[in-house]
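Worth knowing before you read on, the calculation uses all heavy atoms, side chains too, and leaves out hydrogens, waters and symmetry mates.
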Amino acid sequence: MRMMKPGYCALAEPQGMTQTVFRCLAWGLILGLFIVTDTPLAFRPHTLISANIDRFAALFIIGVAFSLAYPKHVLPILLVLLAIVVGFELIQRLLPDRHGYVKDMLVKGAGCCAGVFIATALRRSFSAISRRTDSPLA
């Protein structure tokens, strides 16, 4: 078992098993997004919140997960997530009972960008704090 240095925070510098868990979570969320985005409407969950809030929140969470899974690759993460969003919306255009709108794509893109940016900022803040203190944060 690897010893953690004083001030270590799993969110600041995900490594080893923590990073593997975040990677599995991130790609699992992409699979879930595909299922609810590009399958028949019967499989899409219905919530009491507006569809745009659902879209933004889902991609925000995915952005956070990918940011924690691949902490040193912010720009590639953003590009991959935006490509996935565009791809999923284009696939919807091929399905008879689905639709792919630019507005939906923009809301989803904003969600993933916000998730990546906020998670990256928090991770860097935790990292800076953990370097300045000797007390464990996690």
request  = Please step through side-chain contact (heavy atoms from CB on, under 4.5 Å) for the pair Leu25 and Leu29, ending with a clear verdict.
outcome  = CA-CA 6 Å; Leu25 174 67; Leu29 288 171; 4.0 Å; yes
Out of curiosity, [X] [atom1] to [Y] [atom2], how far, rounded to the nearest 0.5 Å?
{"X": "Thr120", "Y": "Leu78", "atom1": "OG1", "atom2": "CG", "value": "7.5 Å"}
{"X": "Leu68", "Y": "Arg23", "atom1": "CG", "atom2": "CZ", "value": "11.5 Å"}
{"X": "Arg55", "Y": "Met105", "atom1": "CZ", "atom2": "CE", "value": "12.0 Å"}
{"X": "Ile77", "Y": "Tyr70", "atom1": "CD1", "atom2": "OH", "value": "8.5 Å"}
{"X": "Ile61", "Y": "Leu33", "atom1": "CD1", "atom2": "CG", "value": "11.0 Å"}
{"X": "Cys113", "Y": "Leu82", "atom1": "SG", "atom2": "CG", "value": "4.5 Å"}

- Show your working on side-chain contact (heavy atoms from CB on, under 4.5 Å) between Thr37 and Lys108 and close with a plain yes or no. CA-CA 11 Å; Thr37 300; Lys108 291 175 182 179; 3.6 Å; yes
Flag side-chain contact, heavy atom, 4.5 Å: [X] against [Y]:
{"X": "Asp38", "Y": "Leu95", "answer": "yes"}
{"X": "Leu81", "Y": "Val85", "answer": "no"}
{"X": "Val116", "Y": "Val74", "answer": "yes"}

Between [X] and [Y], is there shared hydrophobic-cluster membership here, with clusters defined by ILVMFWY side-chain heavy atoms closer than 4.5 Å?
{"X": "Ile84", "Y": "Leu94", "answer": "no"}
{"X": "Val36", "Y": "Tyr101", "answer": "no"}
{"X": "Ile118", "Y": "Val107", "answer": "yes"}
{"X": "Leu31", "Y": "Phe88", "answer": "no"}
{"X": "Val86", "Y": "Ile91", "answer": "yes"}

Requested in this report: Look only at the side chain of Ser125 and the backbone of Ala121, and say whether a donor-acceptor pair between them is shorter than 3.5 Å.
Outcome: yes
Of all heavy-atom pairs linking Pro71 and Gln19, the shortest is CD-NE2, 3.1 Å
Please report the C-alpha distance between Trp27 and Phe66 in whole Å, then the side-chain angles of each, then the deciding distance to 0.1 Å, and finally whether the side-chain contact (heavy atoms from CB on, under 4.5 Å) criterion is met.
CA-CA 8 Å; Trp27 289 106; Phe66 269 89; 3.6 Å; yes
_Apply side-chain contact (heavy atoms from CB on, under 4.5 Å) to residues Ile30 and Ile62 and explain how you reach the verdict._
CA-CA 7 Å; Ile30 289 291; Ile62 289 172; 3.8 Å; yes
